K.L.:
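Before we start, here is the structure in question, set down as structure tokens.
This chain uses plain numbering: 1 for the first residue, then up along the sequence. Read the numbers this way: they start at 1 and go in the same order the structure lists the ligands and their atoms. Because the structure is a prediction, the values reported are computed rather than measured.
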Amino acid sequence: MSKVTSSTLMKFKQEGKKFTALTAYDASFAGAFDSEGIDVLLVGDSMGMVLQGHDDTLPVTIEDIAYHTACVRRGIKRSLLIADMPFMSYATPQQTMDNAAKLMQAGANMVKVEGGHWLLESVKMLTERGIPVCAHLGLTPQSVHVFGGFKVQGRDADNAQRIMDEAKALQAAGAQLLVLECIPAALAKSITEALAIPVIGIGAGADTDGQILVMHDVLGISSGYIPRFSKNYLKQTGEIRSAIRAYIEEVADGSFPAEEHIFN
Ligand code: KIV
């Protein structure tokens with residue numbers, strides 16, 4: 001069993017092998033996801049909503065993410081571990097460096113940042129200093145108040161072109177992975193085809209190289225509702241490990257995401 005690295009994900013993309021990612025916040029769930037074969041685990045700032053009970057991700061701190069990254073690290077053997085940089089922890093390149101270093105020292109293999117052109121200098125700085133970066137475009141939840149709600153992005157031609165341009169610029173700056181969240185499936189397909197680096201989608205259709213979901217949605221325990229683009233696998237399997245295996249199988253055979261999970 002070899003560890004998943006950015007090279008593994010690049011190989012999956014080149015071979016057309018779809019891979020799976022899932023959020024995790026503690027050692028026990030992370031260990032189960034890792035041993036069932038989830039390739040990428042994300043200590044997401046979604047913890048602000050699913051663990052801490054806030055309405056959005058903005059209250060999450062770098063200390064919160066570092067603590068949960070260290071917990072997840074102790075539970076896993078194979079998966080690539082990405083840690084989210086929370087709101088306002090990467091507003092300047094120097095702040096980005098200092099905070100990204102904390103997450104790497106807590107056990108992350110890569111850090112994730114939300115945003116486009118304004119982040120290029122930081123992505124280049126991090127990469128040159130040995131910190132791999134996963135970029136995140138589309139519905140970037142830390143900008144929910146700018147968007148005026150959790151809304152699908154990139155539906156009009158100008159915004160679609162901007163997201164495409166930012167994806168290419170982030171790759172050129174050194175990003176090794178890209179998450180696309182809640183954008184039309186056709187746009188996600190074009191971006192995935194245009195980039196050499198692997199692209200992971202959530203609410204971005206079936207044609208990205210990998211899929212990511214929030215674990216609480218997969219296990220049907222999110223407070224409130226399960227987003228339209230997600231799927232409760234516990235409901236169809238009745239057992240946590242079987243639910244995870246069903247998610248992996250459906251991503252691999254292309255049956256998830258289905259038409260009802262996709263935006264146009
Ligand atoms: O915070 C998070 O869980 C995320 C994923 C939804 C991609 O950023």
K.L.:
R74: which residues meet the salt bridge (Lys or Arg N to Asp or Glu O under 4.0 Å) condition with it, sequence neighbours left out?
P.N.:
none
K.L.:
To the nearest 0.5 angstrom, please state how far the CD1 atom of I183 sits from the CG atom of L180.
P.N.:
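Taking CD1 in I183 and CG in L180, the distance rounds to 4.5 Å.
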K.L.:
Which residue pairs pass the ring-ring contact (aromatic ring centres under 6.0 Å, His included) test when at least one of the two sits in residues 84-117, sequence neighbours left out?
P.N.:
Y90-W118
K.L.:
For a distance cut-off of 3.5 Å, show me each N or O of ligand 1 paired with any protein N or O, plus the separation.
P.N.:
| from | atom 1 | to | atom 2 | distance (Å) |
| --- | --- | --- | --- | --- |
| ligand 1 | 1 (O) | D45 | N | 3.1 |
| ligand 1 | 1 (O) | D45 | OD1 | 3.0 |
| ligand 1 | 1 (O) | S46 | N | 2.9 |
| ligand 1 | 1 (O) | S46 | OG | 3.3 |
| ligand 1 | 1 (O) | D84 | OD2 | 3.1 |
| ligand 1 | 3 (O) | S46 | OG | 2.6 |
| ligand 1 | 8 (O) | K112 | NZ | 2.9 |

K.L.:
Would you please say whether a donor-acceptor pair under 3.5 Å links the side chains of S79 and D34?
P.N.:
yes
K.L.:
Look at the aromatic rings of Y247 and Y233 and report parallel, tilted or perpendicular, splitting at 30° and 60°.
P.N.:
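Ring orientation, 0 to 90° scale: tilted.
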K.L.:
Just jot down the side-chain contact (heavy atoms from CB on, under 4.5 Å) partners of D56, sequence neighbours excluded, or say none.
P.N.:
L58, P59, V144, H145, F150
